[in-house]
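Here the structure comes first, spelled out in structure tokens, and everything after it is commentary.
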Amino acid sequence: MASTVSFSPTNVQMLQGRSGHGHSAFGSCFAVPRAGPRLRSTAVRVSSEQEAAAAVRAPSGRSIEECEADAVAGKFPAPPPLVRPKAPEGTPEIRPLDMTKRPRRNRKSPALRAAFQETSISPANFVLPLFIHEGEDDAPIGAMPGCYRLGWRHGLLDEVYKARDVGVNSFVLFPKVPDALKTPTGDEAYNDNGLVPRTICLLKDKFPDIVIYTDVALDPYSSDGHDGIVREDGVIMNDETVYQLCKQAVSQARAGADVVSPSDMMDGRVGALRAALDAEGFHDVSIMSYTAKYASSFYGPFREALDSNPRFGDKKTYQMNPANYREALIETAADEAEGADILLVKPGLPYLDVIRLLRDNSALPIAAYQVSGEYSMIKAGGALGMIDEQKVMMESLMCLRRAGADVILTYFARQAAGVLCGMGSK
């Protein structure tokens, strides 16, 4: 039992032992009330470590000292009986398989599964694509639930603010250009006062720490809807297109872009862009090349968002054949040699093998684009109750990371980051 010492006004004066400075003889750390008419009797409980230990009892009611004495004497209590969970009735009784390795041992508890997880994902891995237009209001995109053409002066800022709040700090811009500004040569693409340069300047003024990626291609600006200049016989002109793209990239860099991203799939454009940027003093502006961009059917909702469907034909003469795998190595080698800083695969989930191919054959960062068709399928499946939207969303993003993607361009960026931050998917 702990002992109790009572202090009365008289006791206080005796213990106080005033010095010349009026301090207690016990030192200033022992605060003792002065004697006076309002002083109340105070009880201070003093307990030693031994008394505290003696107060601790084992479940059997015995003290620690008693248990330790038995242990020294070799008297150990019997352990509780091992109770094995019962199998359901009808389970066959068999001899356990003779296996030295049972991989399920490392999956048997949440703690073990977390300890041995090979792939991680965070909001820092996401790049959020943003559709912008000249209007004041945000216009919903029918084929992409939850996505909008954002007014560049209002809705855009609100979307970036919300994304940054959950840790997403990288954004890529895609403009909806008025039809009146579209031409066969896409000259609006390098207008320094165009929609994209104005938007970059605004974002850098409001959020100077974010990373802004831009799209380098002519299709949003072309009256033909193709990524390059179209000759009268329908051929996409390569070198002439690259010349226009260089002016577009320099204009974007001048506005403050951090990363320019040629998505056009013209030959030689990465080297030409690097030379053009360096010639203008933009040595620090990175190039994320759409290295393996396939002529995919998963782009439909995106083209609705930008109203950029080709006026005729398709893009198979410059985008890659979905049936080809080794061809991606040719594009990888060319882009690396020409000075690309990041290599991108598009689409993402249907092309995990290509992501892994680039990861295994290049030391450069690898990006994957989870395109509009992938996004819309997950959204539609969730709305119809066929899948759990949130779980499929997170699994798909993890798969892209597992395949080798360092960053993922995804319309789920803000929603997924909210889940990772424990804020739900809203």
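Heavy atoms only: backbone and side chains are in, while hydrogens, waters and symmetry mates are out. Numbers for residues simply follow the sequence, beginning at 1.
- Residue D219 is tested with R311, K176, K315 for a salt bridge (charged side-chain N to carboxylate O under 4.0 Å, His left out); the sole match is K315.
- Closest of all the heavy-atom pairs between L349 and C399 is CD1-CB, 4.1 Å.
- The aromatic rings of F131 and F174 sit tilted, their planes meeting at an angle between 30° and 60°.
- A 6.0 Å sphere centred on CG of D98 holds no more than 12 heavy atoms belonging to other residues, nucleotides or ligands.
- The number of heavy-atom neighbours closer than 6.0 Å to CZ of R105, taken from other residues, nucleotides and ligands shown, is above 12.
- Remark: R402 does not engage E118 in a salt bridge, criterion side-chain N to carboxylate O under 4.0 Å.
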Could you go step by step and tell me if S251 and D192 meet the side chain to side chain donor-acceptor pair (under 3.5 Å) rule?
-> CA-CA 6 Å; S251 176; D192 286 343; 2.7 Å; yes

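- Within a 6.0 Å radius of NZ in K316, no more than 12 heavy atoms belonging to other residues, nucleotides or ligands are found.
- With ring centers used as reference points, F171 lies 6.0 Å or more from Y213.
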Residue pair K204, D258: steps toward the salt bridge (Lys or Arg N to Asp or Glu O under 4.0 Å) verdict = CA-CA 10 Å; K204 281 296 185 180; D258 299 288; 2.8 Å; yes

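- Here the side chains of M386 and V392 are not in contact, with every heavy-atom distance at 4.5 Å or above.
- Here C147 contributes atom SG and D138 contributes atom CG; the two are 11.5 Å apart, rounded to the nearest 0.5 Å.
- Formation of a donor-acceptor pair under 3.5 Å by the E338 side chain with backbone atoms of G271 is found in this model.
- S376 contributes a side-chain N or O that, together with a main-chain N or O of A143, makes up a donor-acceptor pair within less than 3.5 Å.
- For D137, the CG atom is loosely surrounded, since the number of other residues' heavy atoms within 6.0 Å does not exceed 12.
- With a 6.0 Å cutoff to the six-membered ring centre and a 45° limit on the axis angle, K206 does not count as a cation-pi contact of Y161.
- R113 places a side-chain N or O within 3.5 Å of a backbone atom of R107 that can act as its donor or acceptor partner.
- Inter-residue side-chain proximity for E331 and L343 is flagged as unmet; no heavy-atom pair is nearer than 4.5 Å.
- Checking side-chain atoms of S222 against main-chain N and O of L218 turns up no donor-acceptor pair under 3.5 Å.
- Checked for salt-bridge contact, D227 and R269 miss the test: no charged N lies under 4.0 Å from a carboxylate O.
- Side-chain contact between I236 and I229 is absent, with no heavy atoms from C-beta onward closer than 4.5 Å.
- Considering Y299, Y369, Y411 as possible partners of Y375, the one that fulfils the ring pair (Phe, Tyr, Trp, His ring centres under 6.0 Å) test is Y411.
- Looking only at atom types and distance, the side chain of E389 has a donor-acceptor partner in the side chain of Q415 under 3.5 Å away.
- With a 4.5 Å cut-off on side-chain heavy atoms, E395 and I378 do not count as touching.
- The aromatic rings of H226 and Y318 sit perpendicular, their planes meeting at an angle over 60°, well past the 30° parallel limit.
- Considering every non-hydrogen atom in both N125 and D406, the closest pair reads ND2-O, 3.1 Å.
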Step by step, would you call F207 with V160 a side-chain contact (heavy atoms from CB on, under 4.5 Å)?
-> CA-CA 9 Å; F207 310 104; V160 171; 3.6 Å; yes

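- Atoms CG and CZ, from N106 and R104 in turn, are 12.0 Å apart once rounded to the nearest 0.5 Å.
- Contact check for V230 versus V235: no side-chain heavy atoms found under the 4.5 Å cut-off.
- Heavy atoms only, all atoms of each residue included: A295 and P322 are closest at O-CG, 3.5 Å.
- I287 and V259 make their closest contact through C-CG1, 4.3 Å (heavy atoms, listed as atom of the first residue, atom of the second, distance).
- A distance of 6.5 Å separates CG in L245 from OG1 in T241, rounded to the nearest 0.5 Å.
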side-chain contact (heavy atoms from CB on, under 4.5 Å) evaluation trace for T199 with L202 = CA-CA 5 Å; T199 300; L202 177 65; 5.7 Å; no

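- The backbone N or O of V260 lies less than 3.5 Å from no partner atom in the side chain of Q252, so there is not a single donor-acceptor pair.
- Between atom CG of residue D314 and atom CD of residue Q319 there is a gap of 9.0 Å, rounded to the nearest 0.5 Å.
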Residues K247, D187; criterion salt bridge (Lys or Arg N to Asp or Glu O under 4.0 Å); working and verdict | CA-CA 9 Å; K247 292 191 287 184; D187 296 337; 5.7 Å; no

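- Formation of a donor-acceptor pair under 3.5 Å by the E280 side chain with backbone atoms of F282 is not found in this model.
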How far apart are the C-alpha atoms of V419 and Q390, what are their side-chain angles, what is the distance that settles it, and do they pass the side-chain contact (heavy atoms from CB on, under 4.5 Å) test?
-> CA-CA 8 Å; V419 173; Q390 180 173 305; 3.7 Å; yes

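- Between I200 and L203 the shortest side-chain heavy-atom distance does not fall below 4.5 Å.
- Counting heavy atoms from C-beta outward, L364 and D341 have side chains that stay 4.5 Å or more apart.
- Under the 6.0 Å distance and 45° angle rule, K346 counts as a cation-pi partner of F302.
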Salt bridge (Lys or Arg N to Asp or Glu O under 4.0 Å) between D70 and R62, intermediate numbers included = CA-CA 11 Å; D70 283 349; R62 307 173 72 221; 2.3 Å; yes

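- With a 6.0 Å radius and a threshold of 12 heavy atoms from other residues, nucleotides or ligands, D284 has its CG atom at or below the threshold.
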Run the numbers on D165 and K162 for salt bridge (Lys or Arg N to Asp or Glu O under 4.0 Å), then give the verdict.
-> CA-CA 5 Å; D165 196 43; K162 291 176 180 177; over 6 Å; no

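- Residues L357 and A328 come closest through the heavy atom pair CD2-CB, 4.1 Å.
- Distance alone, capped at 3.5 Å, is enough to place a donor-acceptor pair between the R401 side chain and the A405 backbone.
- Using modelled atom types, one finds no donor on one side chain facing an acceptor on the other under 3.5 Å when comparing S396 with E374.
- Remark: K182 does not engage D224 in a salt bridge, criterion side-chain N to carboxylate O under 4.0 Å.
- When side chains are defined from C-beta on, T410 counts as touching F126, because their heavy atoms get closer than 4.5 Å.
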Chi angles and distances behind the side-chain contact (heavy atoms from CB on, under 4.5 Å) call for F298, S372 | CA-CA 7 Å; F298 283 88; S372 57; over 6 Å; no

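- Between the CG atom of D239 and the CD atom of Q244 there is a distance of 12.5 Å, given to the nearest 0.5 Å.
- For S362 (side chain) and L358 (main-chain N/O), no donor-acceptor pair under 3.5 Å exists by modelled atom type.
- We find that E136 and R153 are joined by a salt bridge, their nearest charged nitrogen and carboxylate oxygen being less than 4.0 Å apart.
- In this structure, CG on D335 lies 12.0 Å from CE on M288, to the nearest 0.5 angstrom.
- Closest non-hydrogen pair, L130 versus L150, comes out as CD2-CD1, 4.0 Å.
- Checked by atom type and distance alone, the side chain of D388 pairs as donor or acceptor with a backbone atom of K391 at under 3.5 Å.
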